[in-house]
Amino acid sequence: MRVIVEPTADAATRRAAAFLARQLAKKPDSVLGLATGGTVVGIYQELIRLHREQGLDFSQTTSFNLDEYVGLPTTHEQSYRRFMQQHLFDHVNIPAERTHVPDGLATDFETSCARYEWEIGQAGGIDLQLLGIGRDGHIAFNEPGSSLGSRTRLKTLARETIRDNARFFGSEEAVPRLAVTMGVGTILDSRRCLLVAVGDSKAEAVAATVEGPVTAQVTASALQLHRDVVVILDEASAAQLRRKDYYAEVEEAQTLLESGQLAALGIASS
Ligand code: GLP
């Protein structure tokens, strides 16, 4: 796990957007796994800016979103399809037919979830999966207790999540009780994962994810089993990490390696 701590939330957001932009520059037909939530809004704003000002191209990109509430029409202000249209898709040149969000209005969820998994496979799998984190340590809507091998399926939202998301709906009663979500296993199949967290309300979940045991009680901790995970934090969300100094040293060595300053790392020149 590569842990990058930026001084502010803004800097963390820009760094995360730069990762996504680099992925698209390297592989324009990338399959991106996308997320919703307050944390990613700034990342999408930066991507839109890069699209407008620097020609960041989404014309060959395919996307799969992590999750969707059950029972909300796609036009509902809080549906994740609407969120994606509003915060990203309507402002960049991604072809509409290549954007995928799980179907929260399905009548047969077993079939529609299996189809979502199949579509991800047909697209060649996810190259880079963007992730936020819930205060209870969930990724997507994989609430505590979710199987670490789980696939796309229906999930009951935890009370803590309903309480957290009530701010968007006006009241707890208005928050859907169920969601369709990629599973932890689906997420672990992505080639690379990018987890972003900002703010002190995420500090405990971040520490448990990065430095705690791998446990279904903190589904983000399953990322420790993935071979290519980048975690981007601000100082506030990193506050409870015990090995912050070490992560900074790793970043410093990485920068020296990338800029060819090998002697500073004790690597003999050939
Ligand atoms: C929801 C989403 C998650 C997201 C989380 C955090 O639960 N299903 O994918 O990571 O919210 O959201 P925020 O960034 O608003 O804290």
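Order of appearance sets the numbers: ligands from 1, and atoms from 1 within every ligand.
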Residue from Leu195, Val196, Val231 passing side chain to side chain contact (heavy atoms under 4.5 Å, CB included) with Leu131:
Leu195
Got Glu235 and Lys244 here, is their nearest side-chain heavy-atom distance under 4.5 Å?
yes
Is the ring pair His87/Phe83 parallel, tilted or perpendicular, if the boundaries are 30 and 60 degrees?
tilted
Once ring-ring contact (aromatic ring centres under 6.0 Å, His included) is applied, do any residues pair with Phe169, and if so which ones, sequence neighbours excluded?
Tyr69
Glu258: which residues meet the side chain to side chain donor-acceptor pair (under 3.5 Å) condition with it, sequence neighbours left out?
Gln254
Donor-acceptor pairs under 3.5 angstrom involving side-chain atoms of residues 37-45: please list them, not counting sequence neighbours.
from: Tyr44; atom 1: OH; to: Ala35; atom 2: N; distance (Å): 3.1
from: Tyr44; atom 1: OH; to: Ala35; atom 2: O; distance (Å): 2.6

Give every pair made of an N or O atom of ligand 1 and a protein N or O atom lying under 3.5 Å apart, one pair per line with both atom names and the distance to 0.1 Å, or write 'none'.
from: ligand 1; atom 1: 7 (O); to: His138; atom 2: NE2; distance (Å): 2.8
from: ligand 1; atom 1: 8 (N); to: Asp67; atom 2: OD2; distance (Å): 2.7
from: ligand 1; atom 1: 8 (N); to: Ala140; atom 2: O; distance (Å): 3.2
from: ligand 1; atom 1: 10 (O); to: Ile133; atom 2: N; distance (Å): 3.2
from: ligand 1; atom 1: 14 (O); to: Gly38; atom 2: N; distance (Å): 3.3
from: ligand 1; atom 1: 14 (O); to: Thr39; atom 2: N; distance (Å): 2.9
from: ligand 1; atom 1: 14 (O); to: Thr39; atom 2: OG1; distance (Å): 2.4
from: ligand 1; atom 1: 15 (O); to: Gly38; atom 2: N; distance (Å): 2.7
from: ligand 1; atom 1: 15 (O); to: Arg167; atom 2: NH2; distance (Å): 3.2
from: ligand 1; atom 1: 16 (O); to: Lys202; atom 2: NZ; distance (Å): 2.6

